[in-house]
Enquirer: 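Questions regarding the structure given below will be posed in turn.
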Amino acid sequence: MQLRDLHRQYEAMKAEIDAALLGVAASGSFILGDVVAGLERRLADYVGVKHCISCANGTDALRMALMAWGIAPGDAVFVPDFTFFATAEAVALQGATPVFVDVLKDSCNMDAADLERKIQYVESNTDLRPAAVIAVDLFGLPADYAELQPLCRKHGLLLLEDGAQGFGGSIEGRKACSFGDIATTSFFPAKPLGCYGDGGALFTDNDDWAALLRSLRVHGKGSEKYDNIRLGLNSRLDAVQAAVLQVKLNHFDDELAAVNRIAQSYNERLRGKVATPVVPPAFTSSFAQYTIQTGNRDALQARLKAAGIPSAVYYPRTMSRQAAFAPIASLQQPCPVSAQLTQSVLSLPMHPYLTEQEIELVTETI
């Protein structure tokens, strides 16, 4: 797409967002309300589930799911060792124990074979009760739920899909955030569907869990505002953010197609130079990040910086090496692929409005 066309498309969306924001300001309804409810209906329809429950951010969404399931001290929750801190943090905030599972080198997503090993280890060597699995759709690519779901059923584990980076991805046409017993996402500005601040949502087909989640996001509210029937959170989505998301959702499929075209262009130009992202057949990635792997990362990142090209390392250390989890280090078994990825991954510029000239500059520099 030419720079002129990209600019025109961006300006059109900006004008829609400006009008939507003015509408919220004129309404005087700033927390939850009709705009938020309308967004929730649209998101549920887009994903293909019965219920969408919005909240303040993606981390709260993870924690609310665990709260709804009664995850508590003594429970083991299996999470990838290579992911953002919030995935494991939400487990620890419930007093439960995160158990770290290795990932696959090509997809950077949870390795089902290692999950089986870690479940067996916990059952045989600890007093913890295996309770749930959190699978992350890392960098926009859905995890391999065809492998993970049967394993969870076999061991009686609940499956939580952390789709913070995966919204818009799919497997055989089925959308990300529809695979877990509950799924979550984030609307942080850098995410595939981002707002102008923080925001998050949960997705489920379970009517009882949906009602409980709506209570939990408003201080455990019962039938009316001052009827508090349980302990909850203050985790409501602002109408301002919902208005932004309503507009951006109108353009989301076009942006999704654009990032996939850009990823394909990157792949073709970088083939044989670095390891490019692998998207399996029947999978679609929303490319929250375009992440290469290279044994020469530090020098390459320095070269990109010298050329004025931004890049980032997601993530420089595994969960098992985070200081916050040092007290449970003795419970953990090795995750060698995750450790290797922290030394080799590098994320390149990726958004729907990259021009051919910008793509050429990045790839020629590499």
Side-chain angles (χ1 to χ4, degrees), residues 32 36-79 86-96 98 129-137 142-143 145 148-164 166-167 174-187 199-224 227-237 242:
L32 296 178
V36 173
L39 174 68
E40 290 175 339
R41 288 191 295 271
R42 292 186 64 195
L43 290 172
D45 288 344
Y46 183 88
V47 168
V49 298
K50 287 177 68 176
H51 303 285
C52 171
I53 302 92
S54 63
C55 62
N57 55 71
T59 304
D60 281 358
L62 290 168
R63 191 173 182 192
M64 286 166 58
L66 299 176
M67 292 170 73
W69 288 342
I71 300 298
D75 290 335
V77 179
F78 300 88
V79 304
T87 309
E89 179 186 32
V91 176
L93 286 171
Q94 290 305 110
R129 181 186 75 89
V133 172
I134 305 179
V136 177
D137 302 336
Y145 293 103
L148 296 173
Q149 287 173 323
L151 192 53
C152 288
R153 287 194 294 268
K154 172 184 173 182
H155 291 278
L157 303 175
L158 292 160
L159 177 59
L160 176 56
E161 178 186 358
D162 181 350
F167 191 86
R174 181 176 170 182
K175 292 292 189 183
C177 295
S178 71
F179 293 101
D181 297 301
I182 295 177
T184 66
T185 197
S186 168
F187 302 124
L202 303 99
F203 301 87
T204 186
D205 285 322
N206 186 295
D207 296 340
D208 293 334
W209 289 342
L212 179 53
L213 292 167
R214 291 190 177 96
S215 169
L216 288 171
R217 71 177 172 183
V218 190
H219 302 285
K221 186 175 76 68
S223 59
E224 50 89 11
D227 176 31
N228 302 97
I229 58 177
R230 57 180 59 88
L231 296 178
L233 302 175
N234 178 18
S235 188
R236 299 164 297 191
L237 185 66

Enquirer: Backbone N or O of Ala135 within a donor-acceptor pair of the Asp162 side chain at under 3.5 Å?
Expert: no
Enquirer: Less than 4.5 Å apart, side chain to side chain, heavy atoms only: is that true for Thr185 and Phe203?
Expert: yes
Enquirer: May I ask you to decide if the ring planes of Phe179 and Tyr145 are parallel, tilted or perpendicular, using 30° and 60° as cut-offs?
Expert: parallel
Enquirer: Quick one: list whatever passes side chain to side chain donor-acceptor pair (under 3.5 Å) with Thr59, sequence neighbours left out.
Expert: none
Enquirer: Give the ring-plane orientation class for Phe167 versus Tyr46, where under 30° counts as parallel, over 60° as perpendicular and anything between as tilted.
Expert: parallel
Enquirer: In the structure I gave you, are the side-chain heavy atoms of Ser54 and Arg217 within less than 4.5 Å of one another anywhere?
Expert: yes
Enquirer: If you look at every heavy atom in Ala131 and Ile71, which pair is closest and at what distance?
Expert: CB-CD1, 3.8 Å
Enquirer: Could you tell me whether a side-chain N or O of Ser215 sits under 3.5 Å from a main-chain N or O of Lys221, the two making a donor and an acceptor?
Expert: yes
Enquirer: I'd like to check the salt bridge (charged side-chain N to carboxylate O under 4.0 Å, His left out) partners of Asp207; sequence neighbours left out, ordered by chain and number.
Expert: Lys50
Enquirer: Between Leu202 and Cys55, which heavy-atom pair has the shortest distance, and what is it?
Expert: CD1-SG, 4.2 Å
Enquirer: Between Leu32 and Val36, what is the shortest heavy-atom contact and its length?
Expert: O-CG2, 3.3 Å
Enquirer: Can you see which heavy atom on Ala201 is nearest to which on Cys52, and at what distance?
Expert: CB-SG, 3.9 Å
Enquirer: Among all residues two or more places apart in sequence or in another chain, which pass the side chain to side chain contact (heavy atoms under 4.5 Å, CB included) test with Cys152?
Expert: Val133, Leu157, Leu159
Enquirer: Working to the nearest 0.5 Å, report the span between CZ of Arg153 and CG of Leu148.
Expert: 11.0 Å
Enquirer: How many angstroms lie between atom CG of Asp205 and atom OG of Ser178, to the nearest 0.5 angstrom?
Expert: 8.5 Å
Enquirer: With the threshold set at 4.0 Å, does a side-chain nitrogen-carboxylate oxygen contact exist between Arg174 and Glu161?
Expert: no
Enquirer: Residues two or more places apart in sequence or in another chain: which of them pass side chain to side chain donor-acceptor pair (under 3.5 Å) with Arg63?
Expert: Gln94
Enquirer: Check whether any side-chain heavy atom of Asp181 lies under 4.5 Å from a side-chain heavy atom of Asn206, and answer yes or no.
Expert: no
Enquirer: Check whether any side-chain heavy atom of Leu237 lies under 4.5 Å from a side-chain heavy atom of Glu40, and answer yes or no.
Expert: no
Enquirer: State, yes or no, whether a side-chain contact exists between Pro130 and His155 at a heavy-atom distance under 4.5 Å.
Expert: no
Enquirer: Could you check whether any side-chain heavy atom of His51 comes within less than 4.5 Å of a side-chain heavy atom of Leu213, counting everything from C-beta outward?
Expert: no
Enquirer: Would Leu160 and Trp69 count as a side-chain contact (heavy atoms from CB on, under 4.5 Å) if you check the C-alpha gap in whole Å, the side-chain angles of each, and the deciding distance to 0.1 Å?
Expert: CA-CA 10 Å; Leu160 176 56; Trp69 288 342; 3.7 Å; yes
Enquirer: Closest heavy-atom contact between Cys177 and Ala183?
Expert: O-CB, 3.3 Å
Enquirer: How long is the straight-line distance from CG of Leu43 back to NZ of Lys175, given to the nearest 0.5 Å?
Expert: 12.0 Å
Enquirer: How long is the gap from CD1 on Ile182 to CE on Met64, to the nearest 0.5 Å?
Expert: 9.0 Å
Enquirer: Name all residues meeting the side chain to side chain donor-acceptor pair (under 3.5 Å) criterion together with Thr204; count only those two or more places apart in sequence or in a different chain, and write none if there are none.
Expert: none
Enquirer: Taking side chain to side chain donor-acceptor pair (under 3.5 Å) as the test, write out the residues that go with Arg41, two or more places apart.
Expert: none
Enquirer: Keeping the roles fixed (side chain from Ser235, backbone from Ala56), state whether a donor-acceptor pair exists under 3.5 Å.
Expert: yes
Enquirer: Would you call Val77 and Pro98 a side-chain contact if the rule is heavy atoms closer than 4.5 Å?
Expert: no
